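Heads up: the structure comes next, in structure tokens.
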Amino acid sequence: MTRVALITGASRGIGRAIALRLAKEGYAVAINYHQNEKAAVSAGEVLTAFGKEGMLCRADVTRENAVREMVRAVEMRLGPIDLLVNNAGIAEQVLFTDLTAMQWKKMMDVHVNGAFYTSSAVLPSMIRRKSGCIINIASMWGQTGASCEVHYSTAKAALIGMTKALAKEVGPSGIRVNCVSPGAIETDMMAGFTAEDKAAIAEETPLCRLGKPEEIAAAVAFLASDDASFITGQVLAPNGGLVI
């Protein structure tokens, strides 16, 4: 039977790479996106080229009802969800003293509340089936903190805490929950960085380069696989050695 994966924020960047990798692994993939329909359609066309079943799901993960409707639509079309990847996210650099309550709330809404809503929506079916896997995409800044990214670092740290606690709670039901914590990855989120900034980050990284979205997708594919069947509540950190 074909396994079903739902990836949030999967129209571009790391999310898109995860969707394509999971399709190669044989999953029927539901690509969630919020605003970038053109990119989502493009990702969906690539899935079709693989000959894999998939669907596009437009939904704002910060809205609980929209998330529940999305999960119902995926289950009706593709079947029960075997794998949830909470990848939807935003990034922003701002001094803490300039950070507004609205900016703080939006960061928590997307990263933390979004993961809560999606996990809550898929877990009842997983628990009934005594099977399932949830993978949260955090960040090395959730492990160490980043200057001028306090709200982002806090949100990603919360995802790591959620991963560990939820893994303990749902483990007896045969469900694994893990976290991938990327380092500096060459995606649109780094569009605001100059070539000099990127070179400096690469120089600080022991492997002397930025990561690729496909390398994060490979980490997700491993944690979702049977090879990781005894791994839960863990943080896998593909960061080139920048955080050890």
Side-chain angles (χ1 to χ4, degrees), residues 5-24 29-47 49 54 56-62 85-94 99 103-104 106-115 118 135-143 146-156 159 179-205 207 209-221 237-240 242-243:
L6 169 61
I7 305 108
T8 66
S11 65
R12 57 195 176 97
I14 290 173
R16 177 190 173 102
I18 293 171
L20 301 185
R21 176 59 185 262
L22 292 177
K24 290 180 180 179
V29 179
I31 295 174
N32 161 258
Y33 70 102
H34 181 204
Q35 294 176 323
N36 198 333
E37 184 175 7
K38 182 178 180 180
V41 169
S42 174
E45 289 173 346
V46 175
L47 290 185
L56 304 183
C57 309
R58 183 169 191 168
D60 181 352
V61 297
T62 69
V85 182
N86 285 312
N87 170 75
I90 56 175
E92 182 180 46
Q93 290 187 313
V94 58
L99 185 62
Q103 288 172 307
W104 178 272
K106 183 176 181 180
M107 191 67 69
M108 300 305 148
D109 279 345
V110 174
H111 293 273
V112 185
N113 293 347
T118 51
I135 300 174
N136 297 317
I137 307 300
S139 165
M140 63 180 177
W141 301 133
Q143 297 173 279
S147 174
C148 297
E149 293 186 69
V150 173
H151 55 338
Y152 179 81
S153 300
T154 301
K156 292 302 192 180
L159 275 181
C179 185
V180 174
S181 185
I185 309 300
E186 189 73 79
T187 68
D188 290 349
M189 279 193 174
M190 295 196 72
F193 289 77
T194 65
E196 291 75 15
D197 291 335
K198 293 179 182 179
I201 295 172
E203 186 176 352
E204 292 175 13
T205 303
L207 289 182
R209 66 176 177 85
L210 302 183
K212 303 173 183 177
E214 292 77 15
E215 291 171 313
I216 308 307
V220 170
N239 60 43
L242 189 56
V243 174

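What you are looking at is a predicted structure, and each value in this text was computed from that prediction instead of being measured.
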task: Show your working on side-chain contact (heavy atoms from CB on, under 4.5 Å) between K106 and T62 and close with a plain yes or no.
output: CA-CA 9 Å; K106 183 176 181 180; T62 69; over 6 Å; no
task: With salt bridge (Lys or Arg N to Asp or Glu O under 4.0 Å) as the test, would you mind laying out the steps for R209 and E215 before giving the verdict?
output: CA-CA 13 Å; R209 66 176 177 85; E215 291 171 313; 2.6 Å; yes
query: For K198 and E186, what are the C-alpha separation, side-chain angles and deciding distance, and is it a salt bridge (Lys or Arg N to Asp or Glu O under 4.0 Å)?
result: CA-CA 9 Å; K198 293 179 182 179; E186 189 73 79; 2.9 Å; yes
message: Go through it in stages, so that I can follow the logic: the residues are M107 and Y152, the test is side-chain contact (heavy atoms from CB on, under 4.5 Å), and I'd like the CA-CA distance, side-chain angles, deciding distance and then a yes or no.
response: CA-CA 6 Å; M107 191 67 69; Y152 179 81; 4.0 Å; yes
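In this structure, the side chain of T154 engages the main chain of V150 through a donor-acceptor pair within 3.5 Å. Judged purely by atom type and a 3.5 angstrom limit, N32 has no side-chain atom pairing as donor or acceptor with the backbone of L6. Between the side chain of D60 and the backbone N or O of H34, no donor-acceptor pair lies under 3.5 Å. Looking at S153, its side chain does come within 3.5 Å of a backbone N or O of A146 through a donor-acceptor pair.
Contact record, Q143 with A237: OE1-CB, 4.0 Å, taken as the closest heavy-atom pair. When every heavy atom of A17 is checked against every heavy atom of A217, the shortest pair comes out as O-CB, 3.4 Å. For I216 against P182, the heavy-atom pair with the smallest separation is CD1-CB, 3.7 Å.
A donor-acceptor contact closer than 3.5 angstrom links the side chains of T118 and N86.
Interatomic distance, NZ of K156 versus CE of M140, reported as 12.0 Å (0.5 Å rounding). Rounding to the nearest 0.5 Å places CZ of R16 at 16.0 Å from CZ of R21. Note that NE2 of H151 and CD of Q93 are 9.5 Å apart. Values are rounded to the nearest 0.5 Å. Remark: W141 CH2 to N239 CG distance equals 9.5 Å, nearest 0.5 Å. Interatomic distance, CG of N136 versus OG of S181, reported as 11.0 Å (0.5 Å rounding). Here the straight-line distance linking atom OG1 of T205 with atom CG of L210 works out to 6.5 Å at 0.5 Å rounding.
At least one side-chain heavy atom of E204 sits less than 4.5 Å from a side-chain heavy atom of L242.
Just one of I18, I7, N87, I14 meets the side-chain contact (heavy atoms from CB on, under 4.5 Å) condition when paired with V220; it is I18.
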